[in-house]
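Worth saying up front: this structure is predicted, and the values here are computed from it rather than measured. Residue numbers count from 1 along this sequence.
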Amino acid sequence: MDMNGNLIMSNILNPPVLFFFLGMTAVFVKSDLEIPAPVPKLLSLYLLFAIGFKGGVELIKSGVTQEVLLTLLAAMLMACFVPIYTFFILKLKLDTYDAAAIAATYGSISAVTFITASAFLTELGMDFDGYMVAALALMESPAIIVGLILVNLFTVDGKREFAWKEVLQEAFLNSSVFLLVGSLVIGFLTGEHGWQVLEPFTQGMFYGVLTFFLLDMGLVAARRIKDLQKTGIFLISFAILIPILNAGIGLLLAKLIGMSQGDALLFAVLCASASYIAVPAAMRLTVPEANPSLYVSTALAVTFPFNIIVGIPLYLYGINLLWR
């Protein structure tokens, strides 16, 4: 499969991505289309539950091999490395608080980007392993901790006191991580029997729910574009170029570990994505000095649409070159 637009067009013409465009269009043309507030939360919980449960079932099939362990280790290393190096890039233009909050955002992940990439691979008929969901779960929290350590080390007024108990609870027991890990464990414990019981719910509804959720994400992302007027070209460029760089590093690690092409794409997407839910919630609680319009709008209005529209096929093209 060559790049020459085929991968990008194949991705864009997926119904979930087209409905994302529809949501953005609704905002631009000032339609009154709106998804009631509790619904997107329910949809996101369903997607986490479904992908976590399937990952647990697949993990028991593959077993805990050396490749699995190396992948999980690489995931945690990237979750720590990305916020550290991006912090110093961001410090060139921003204060410590904003730099740390944005760096933590880009060190963490977007579960919906991962799920969209999984759907793209399924459409292409490319296999991937369920244990990648474990990598997803492990990359959610470390970036929050690293971001707070950076604030502690580089604030001019000396050491800051964080309520670390609350910080750790927010990092490791927030609803996304808890449900994802819990579903993974239950899928692992119940195996194929559990999958057969829940398949009509976890599989039959999955793409419809993902499509409807991305419609809402399109609405939210388009509304956030206004905030980008305050960020300037520096952060917009950062929000596009850093994911590409992180994906490139991820692909090199995946090649070194010996991942399959499908797993390598998911790993690259994890490395390239940015959190717009878990990390912003933690940053609002622990670093109120940071400006939410900066770290939320860059992740949600730039990096998220870039990844699901262009990034996923771009990273797959890189895999096609590296795995020849």
Side-chain angles (χ1 to χ4, degrees), residues 44-83 107-122 126-146 168 171-192 194-195 198 202-203 206 210 246-247 249-251 253-275 277-279 312 315:
S44 68
L45 290 176
Y46 167 82
L47 292 171
L48 290 168
F49 155 74
I51 196 73
F53 185 79
K54 182 178 182 181
V57 174
E58 294 297 325
L59 181 59
I60 199 171
K61 293 179 182 177
S62 64
V64 182
T65 63
Q66 179 179 342
E67 181 183 330
V68 172
L69 294 175
L70 287 174
T71 300
L72 299 184
L73 177 61
M76 289 187 287
L77 286 174
M78 285 297 289
C80 295
F81 170 68
V82 170
S108 189
I109 52 87
S110 161
V112 179
T113 308
F114 177 90
I115 292 167
T116 305
S118 303
F120 180 60
L121 287 173
T122 301
M126 293 183 65
D127 294 329
F128 55 92
D129 291 301
Y131 70 78
M132 295 305 300
V133 178
L136 166 69
L138 288 174
M139 292 181 77
E140 180 91 75
S141 305
I144 297 173
I145 307 302
V146 173
L168 293 173
F172 292 101
L173 293 176
N174 68 74
S175 60
S176 298
V177 173
F178 186 81
L179 180 59
L180 186 65
V181 173
S183 301
L184 182 76
V185 171
I186 293 172
F188 184 82
L189 292 175
T190 57
E192 189 63 31
W195 176 252
L198 288 179
T202 55
Q203 189 74 4
F206 185 82
L210 174 61
N246 289 341
I249 297 171
L251 289 181
L253 287 172
K255 179 70 172 178
L256 186 65
I257 292 169
M259 294 185 202
S260 68
Q261 293 188 26
D263 291 345
L265 176 66
L266 295 181
F267 186 70
V269 165
L270 288 175
C271 295
S273 62
S275 172
I277 298 176
V279 174
I312 292 171
Y315 310 147

Exercise for the section: For the residue pair Ile257 and Glu67, establish whether any side-chain heavy-atom pair is separated by less than 4.5 Å. Expected result: yes
Exercise for the section: Specify the closest pair of heavy atoms between Val57 and Gly191, including all atoms of both residues, with the distance to one decimal. Expected result: CG2-O, 3.7 Å
Handout entry: Shortest non-hydrogen contact from Thr202 toward Ala50
Key = O-CB, 3.9 Å
Practice task
Please report the shortest heavy-atom distance between Ala75 and Ala135, naming the atom on each side.
Solution key: CB-CB, 3.9 Å
Exercise for the section: State, yes or no, whether a side-chain contact exists between Thr71 and Asp263 at a heavy-atom distance under 4.5 Å. Expected result: no
Exercise for the section: For the residue pair Thr113 and Thr116, establish whether any side-chain heavy-atom pair is separated by less than 4.5 Å. Expected result: no
Problem - Distance (rounded to the nearest 0.5 Å) between Leu251 CG and Leu256 CG - result: 12.5 Å
Handout entry: Distance in Å, Ser183 OG paired with Leu45 CG, rounded so as to fall on 0.5 Å steps
Key = 9.5 Å
Exercise for the section: Enter the distance from Leu266:CG to Cys271:SG here, rounded to the nearest 0.5 Å. Expected result: 11.0 Å
Exercise for the section: Can you see which heavy atom on Gly55 is nearest to which on Val133, and at what distance? Expected result: CA-CG2, 3.9 Å
Problem - Minimum heavy-atom distance Ala143-Gly107, with the two atoms named - result: CB-C, 3.5 Å
Practice task
May I ask you to decide if the ring planes of Phe53 and Trp195 are parallel, tilted or perpendicular, using 30° and 60° as cut-offs?
Solution key: parallel
Exercise for the section: Can you see which heavy atom on Leu121 is nearest to which on Gly262, and at what distance? Expected result: CD1-O, 3.5 Å
Handout entry: Atom pair OH/CG of Tyr131 and Leu69 - distance to nearest 0.5 Å
Key = 10.0 Å
Practice task
Quick one: pull up CD in Gln203 and NZ in Lys54 and give me the separation to the nearest 0.5 Å.
Solution key: 4.5 Å
Handout entry: Side chains of Leu265 and Phe128 in contact at under 4.5 Å (non-hydrogen atoms)
Key = no
Practice task
Hey, could you give me the CG/CZ distance between Leu198 and Phe49, rounded to the nearest 0.5 Å?
Solution key: 5.0 Å
Handout entry: Within 6.0 Å of CD in Gln66, more than 12 heavy atoms from elsewhere
Key = no
